[in-house]
Amino acid sequence: DTEVTQTPKHLVMGMTNKKSLKCEQHMGHRAMYWYKQKAKKPPELMFVYSYEKLSINESVPSRFSPECPNSSLLNLHLHALQPEDSALYLCASSHPISGSTYNEQFFGPGTRLTVL
Amino acid sequence: AQKVTQAQTEISVVEKEDVTLDCVYETRDTTYYLFWYKQPPSGELVFLIRRNSFDEQNEISGRYSWNFQKSTSSFNFTITASQVVDSAVYFCALSGDGGFKTIFGAGTRLFVKA
């Protein structure tokens, strides 16, 4: 299995809703990532988990809350989002090639989020 | 600081033409990794190649080839005999040794017309 899956593919939510994005990989990768991508822009890193521990939080607002329940799963909990949070949310995973450096990332298809 | 520059915002070619996508990077790391990813209209980023800073060999994979030159800090990507299916946004990316962060360039949107 060489893919990263994400659910849902599309999500429309109001500013008062609570929702979650899910990501799963079965490649044995020990790093998992959340990216946000706006139209015609490159992906922006949000969070990185390494060995199920949060390693990087790129100053993301607290209305985004990541969770890594195990080495295969990554969630992103959403609460009280703003319309400007509408974007494509991409999950990725990668495998270590040395003690602290990671290999290329494999991306999921993304969740296209619209906040009304 | 690390930086990746893809000066070409959009390129349009006719099928079967060769096209080169430019990538220039900046880093102070002595060990680093360069990548190319393809993002078709479906949205999923697809990994194409990884190059280590200590390996300047050029690489060819089918119609794709990559030219890595440390002297000019460039990692260019050439598609030979382009096809409509090559239409996508292509991102060049850089990561340093000892970190998870990958810096993406702004991307080059390639249109291949039939």
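Just so it is clear: chains get the letters A, B, ... in the order the sequence lines come, proteins before strands, and each one is counted from 1.
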*B:V46 with B:Y37, same ILVMFWY side-chain cluster at under 4.5 Å*: no
_I need the A:S55 OG to B:K101 NZ distance, nearest 0.5 Å._
12.5 Å
*Go through the atoms of A:Q105 and report whether side chain, backbone, both or neither lie under 4.5 Å from a heavy atom of chain B.*
both
*Within a radius of less than 6.0 Å around CZ of B:R51, do more than 12 heavy atoms belonging to other residues, nucleotides or ligands occur?*
yes
*Is it possible for you to say whether A:F47 and A:L74 belong to one hydrophobic cluster, with membership spreading through side-chain heavy-atom contacts below 4.5 Å?*
yes
*What about B:F104 and B:Y25, same hydrophobic cluster or not, with Ile/Leu/Val/Met/Phe/Trp/Tyr joined at side-chain heavy-atom distances under 4.5 Å?*
no
*Do A:M46 and A:L90 share a hydrophobic cluster, counting only Ile, Leu, Val, Met, Phe, Trp and Tyr and linking them when any side-chain heavy atoms are less than 4.5 Å apart?*
no
*Contact listing (chain B partner; residues 34-43 of chain A; heavy atom under 4.5 Å)*: A:Y35, A:Q37, A:K40, A:K41, A:P42, A:P43
*Check step by step if side chain to side chain contact (heavy atoms under 4.5 Å, CB included) holds for B:T102 and A:L45.*
CA-CA 8 Å; B:T102 299; A:L45 183 64; over 6 Å; no
*Would you say B:Y90 and B:L94 are hydrophobically clustered, going by side-chain heavy atoms of ILVMFWY under 4.5 Å?*
yes
_salt bridge (Lys or Arg N to Asp or Glu O under 4.0 Å) partners of A:E44, counting only residues at least two apart_ = none
*Distance in Å, A:F107 CZ paired with B:F47 CZ, rounded so as to fall on 0.5 Å steps*: 11.0 Å
*More than 12 foreign heavy atoms under 6.0 Å from CD1 of B:I60: is that the case here?*
no
*What's the spacing between A:L88 CG and B:Q39 CD if we round to 0.5 Å?*
7.0 Å
*Are more than 12 heavy atoms from other residues, nucleotides or ligands located less than 6.0 Å from atom NZ of A:K19?*
no
_Rounded distance [0.5 Å steps], CD in A:E104 versus CZ in B:F35_ = 6.5 Å
